[in-house]
Undergrad: 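Before anything else, here's the structure in question.
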Amino acid sequence: MDPLLSALNATRGVVCMVGAGGKKTTMYALARAHPGRVALSSTSHMYEYDEAEVDAVVHLGEDLLSEVPCGRVLAFAGPTDTPRRVGGLQPAQIEAIWRGGEFDLFIIKADGARARWIKAPAAYEPVVPGFTDTVIPVISARVIGHTLAAGIAHRPDLAAELMGISLATPIEPEHLARLLSSPEGSLKGVGGATVVPLINMVDDAAIHRAARTAALAALKATSRFSRVVLASMKTRRIVEIVERGTSA
């Protein structure tokens, strides 16, 4: 099995992506790496699927799917009036597709981030179905050194509150750790699923060092997850798997 799938606990079952900083890129990377049949969907509105990454996009209404089309990687979308967007599905629709037994892996984008690098969840999100096996909270390492006022965040006021900083405070690794370990931040709504945080966009040595510091601090702050994956998902490359007990 591909190391990326193993690192993110995405070899089988239902996987939800939350957060910001590369959820769709990660969805496509996992789908491409998996040898079996993969379904993609969302419980929120999102940009249209990249047709180069999927074999077909199945548009559903309010009804449950009666027949699954052919194709190894299929995306399932709900209706929306917003141009260049697709709507999310209800958990019951996703469950019906999954219980049909046609897929080895179902990857769900469980919240929106408007293409930002970092976010905090609103009261009504994420929408993580109760039958989810793994939740992958995503955050971009590129936020380190920037301020939330720089246009990099979705819901910056909420993010600032969770990280204990002002909008004008430069983000440090410890601030990322607070968000990743917060029950109202990256851990919101995960239920009993396995959690594997992903710090994305780790593209050079300096970012790697800062992301590693953030991962170690997050592991120290919570027992809810046992490893954090540092990666550059644009190139589908694992930089490091930081596990509990890793030395600083």
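What you see is a predicted model; the values in this text were computed from it and never measured.
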Undergrad: Check for me, please, whether Val54 and Ile94 land in the same ILVMFWY cluster - side-chain distances under 4.5 Å, paths through other members count.
TA: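 Hydrophobic grouping puts Val54 apart from Ile94.
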Undergrad: Pick out which of Val190, Ile199, Leu198, Val195 makes a side chain to side chain contact (heavy atoms under 4.5 Å, CB included) with Pro137.
TA: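 The option that passes is Val195.
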Undergrad: Which heavy atom of Leu158 sits nearest to which heavy atom of Pro121, and what is that distance?
TA: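 The pair with the smallest heavy-atom distance is CD1-O, 3.7 Å.
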Undergrad: When you look at CD of Glu161, are more than 12 heavy atoms from neighbouring residues, nucleotides or ligands closer to it than 6.0 Å?
TA: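 No.
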Undergrad: Does Pro129 reach the side chain of Val14, with side-chain heavy atoms less than 4.5 Å apart?
TA: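 They are not in side-chain contact.
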Undergrad: When rounded to the nearest 0.5 angstrom, what is the spacing between CE in Met163 and CD1 in Ile171?
TA: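 It is 4.5 Å, given to the nearest 0.5 Å.
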Undergrad: I'd like to know whether CZ of Arg12 has more than 12 heavy-atom contacts from other residues, nucleotides or ligands below 6.0 angstrom.
TA: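 Not more than 12 within 6.0 Å, no.
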Undergrad: For the pair Glu53 and Val73, evaluate side-chain contact (heavy atoms from CB on, under 4.5 Å) and give the outcome as yes or no after the intermediate values.
TA: CA-CA 8 Å; Glu53 298 285 355; Val73 180; over 6 Å; no
Undergrad: Same cluster or not: Val18 versus Val196, using hydrophobic residues (I, L, V, M, F, W, Y) connected whenever any side-chain heavy atoms lie under 4.5 Å apart?
TA: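 Per the 4.5 Å side-chain linkage, Val18 and Val196 are not co-clustered.
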Undergrad: Spell out, yes or no, whether Val135 and Val138 are grouped together once hydrophobic residues are joined by side-chain heavy atoms under 4.5 Å, including indirect joins.
TA: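 Looking at the clustering, Val138 is in a separate group from Val135.
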Undergrad: Using a strict cut-off of less than 4.0 Å between a Lys/Arg side-chain nitrogen and an Asp/Glu carboxylate oxygen, indicate whether Asp50 and Lys24 qualify as a salt bridge.
TA: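 No, Asp50 and Lys24 are not salt-bridged.
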Undergrad: Mind checking the OG-CG spacing from Ser166 to Asp157? Nearest 0.5 Å is all I need.
TA: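 Between Ser166 OG and Asp157 CG, I get 11.0 Å after rounding to 0.5 Å.
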Undergrad: Which atom names give the shortest non-hydrogen contact between Lys119 and Ala113, and what distance separates them?
TA: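 What the structure gives for the nearest pair is CD-CB, 4.0 Å.
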Undergrad: Going by atom types alone, do Ser140 and Asn200 pair a side-chain donor with an acceptor below 3.5 Å?
TA: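 No, because no side-chain N or O of Ser140 sits under 3.5 Å from a partner of the opposite role on Asn200.
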Undergrad: Look up atom CG in Leu230 and atom NE2 in His208, then write down how far apart they are to the nearest 0.5 Å.
TA: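 NE2 of His208 is found 5.5 Å from CG of Leu230.
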Undergrad: Sort and list the pairs that fulfil side chain to side chain donor-acceptor pair (under 3.5 Å) and have at least one residue in residues 219-231, not counting sequence neighbours.
TA: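 Found none.
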Undergrad: Test Arg37 against Leu74 for side-chain contact (heavy atoms from CB on, under 4.5 Å), laying out the working first.
TA: CA-CA 8 Å; Arg37 203 166 187 219; Leu74 299 182; 3.7 Å; yes
Undergrad: Could you tell me whether Glu48 and Arg85 make a salt bridge, using a distance below 4.0 angstrom between a side-chain N and a carboxylate O?
TA: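 No, no charged N to carboxylate O under 4.0 Å.
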Undergrad: Is any side-chain heavy atom of Val15 closer than 4.5 Å to a side-chain heavy atom of Asp133?
TA: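 Val15 vs Asp133: side chains apart.
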Undergrad: Would a distance-only check, ignoring hydrogens and angles, find a side-chain to backbone donor-acceptor pair under 3.5 Å from Glu125 to Ala122?
TA: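 Side chain of Glu125 to backbone of Ala122: a pair is present.
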Undergrad: How long is the gap from CG on Leu187 to OG on Ser181, to the nearest 0.5 Å?
TA: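 Going from CG on Leu187 over to OG on Ser181, the span is 7.0 Å.
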Undergrad: Taking the six-membered ring of Tyr47 (Phe, Tyr or Trp), confirm whether the NZ or CZ of Lys109 is under 6.0 Å from its centre and within 45° of its axis.
TA: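 Ring-cation test returns no.
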Undergrad: For Ala31 versus Ile107, what's the shortest heavy-atom pair and its separation?
TA: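 Heavy atoms only, the tightest pair is N-CD1, 4.1 Å.
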Undergrad: Quick one: list whatever passes side chain to side chain donor-acceptor pair (under 3.5 Å) with Ser6, sequence neighbours left out.
TA: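 Counting only residues at least two positions away or on another chain, Ser6 forms no side chain to side chain donor-acceptor pair (under 3.5 Å).
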Undergrad: According to a hydrophobic-cluster definition based on side-chain heavy atoms being under 4.5 Å apart (Ile, Leu, Val, Met, Phe, Trp, Tyr only), do Val242 and Ile207 belong together?
TA: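 Both belong to a single hydrophobic cluster.
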Undergrad: Is the charged tip of Arg72 near the ring of Phe103: under 6.0 Å from the six-membered ring centre and within 45° of its axis?
TA: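 Not flagged: Arg72 not positioned over aromatic ring of Phe103.
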Undergrad: Answer whether the closest heavy-atom distance between the side chains of Val228 and Glu243 falls below 4.5 Å.
TA: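 No, too far: nothing below the 4.5 Å cut-off.
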Undergrad: Once rounded to the nearest 0.5 Å, what's the spacing between atom CG of Leu216 and atom CD of Glu174?
TA: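 Output value for this atom pair is 13.5 Å.
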Undergrad: Under a 4.5 Å cut-off applied to non-hydrogen side-chain atoms, are Glu172 and Ile144 in contact?
TA: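 No, side chains not in contact.
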Undergrad: For Asp111 and Ser44, test the side chains for any donor-to-acceptor distance below 3.5 angstrom and give the result as yes or no.
TA: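 Not at all, the side chains of Asp111 and Ser44 share no donor-acceptor pair under 3.5 Å.
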Undergrad: Report the distance from atom CD1 of Ile108 to atom NZ of Lys23, rounding to the nearest 0.5 Å.
TA: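 One finds 13.5 Å between CD1 of Ile108 and NZ of Lys23.
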Undergrad: Nearest heavy-atom pair of Ala168 and Thr147: which atoms, and what distance?
TA: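 Scanning both residues completely, I find the closest heavy atoms to be O-CG2, 3.5 Å.
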Undergrad: Is the closest side-chain heavy-atom distance between Ile139 and Leu179 below 4.5 Å?
TA: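 Yes; the side chains approach each other to less than 4.5 Å.
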Undergrad: Would you please test Asp2 and His34 for side-chain contact (heavy atoms from CB on, under 4.5 Å) and show each step?
TA: CA-CA 7 Å; Asp2 190 288; His34 202 283; over 6 Å; no
Undergrad: Between Glu95 and Arg99, does at least one N-O distance fall below 4.0 Å, as a salt bridge requires?
TA: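 Salt bridge present between Glu95 and Arg99.
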Undergrad: For Leu148 and Ala153, which heavy atoms make the closest approach, and how far apart are they?
TA: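 For Leu148 and Ala153, the tightest heavy-atom pair comes out as CD2-CB, 3.7 Å.
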Undergrad: Any donor and acceptor pair, going by atom type alone, linking the side chain of Tyr49 with main-chain N or O of Ala77 inside 3.5 Å?
TA: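 Side chain of Tyr49 to backbone of Ala77, a donor-acceptor pair under 3.5 Å: no, none is there.
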Undergrad: Under 4.5 Å between any side-chain heavy atoms of Leu30 and Leu4, yes or no?
TA: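 A side-chain contact exists here, since the closest heavy-atom pair is under 4.5 Å.
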Undergrad: Look at the side chain of Thr194 and the backbone N and O of Thr134, then say whether any donor-acceptor pair between them is shorter than 3.5 Å.
TA: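 Flag not set: sc Thr194 to bb Thr134 has no pair under 3.5 Å.
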Undergrad: Walk me through whether Val202 and Glu240 qualify under side-chain contact (heavy atoms from CB on, under 4.5 Å).
TA: CA-CA 9 Å; Val202 180; Glu240 184 181 2; over 6 Å; no
Undergrad: Does the side chain of Glu102 reach to within under 4.5 Å of the side chain of Ile97, using non-hydrogen atoms?
TA: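 Heavy-atom side-chain distance check fails, nothing below 4.5 Å.
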Undergrad: Is there a side-chain contact between Met233 and Met27 (heavy atoms, below 4.5 Å)?
TA: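 Sidechains of Met27 and Met233: no contact.
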Undergrad: Angle between ring planes, Trp117 versus His146, binned at 30° and 60°: parallel, tilted or perpendicular?
TA: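 Perpendicular, since the angle between the ring planes exceeds 60°.
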Undergrad: Taking all non-hydrogen atoms of both residues, which atom of Tyr124 and which atom of Arg155 are closest, and how far apart?
TA: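 That would be OH-NH2, 2.7 Å.
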Undergrad: Would you say CZ of Arg114 has more than 12 non-hydrogen atoms from neighbouring residues, nucleotides or ligands within 6.0 angstrom?
TA: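 Counting neighbours around CZ of Arg114, 12 or fewer heavy atoms of other residues, nucleotides or ligands fall under 6.0 Å, so no.
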Undergrad: Would a single hydrophobic cluster contain both Val68 and Leu89, if residues Ile, Leu, Val, Met, Phe, Trp and Tyr are joined by side-chain heavy-atom contacts under 4.5 Å?
TA: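 Looking at the clustering, Val68 is in the same group as Leu89.
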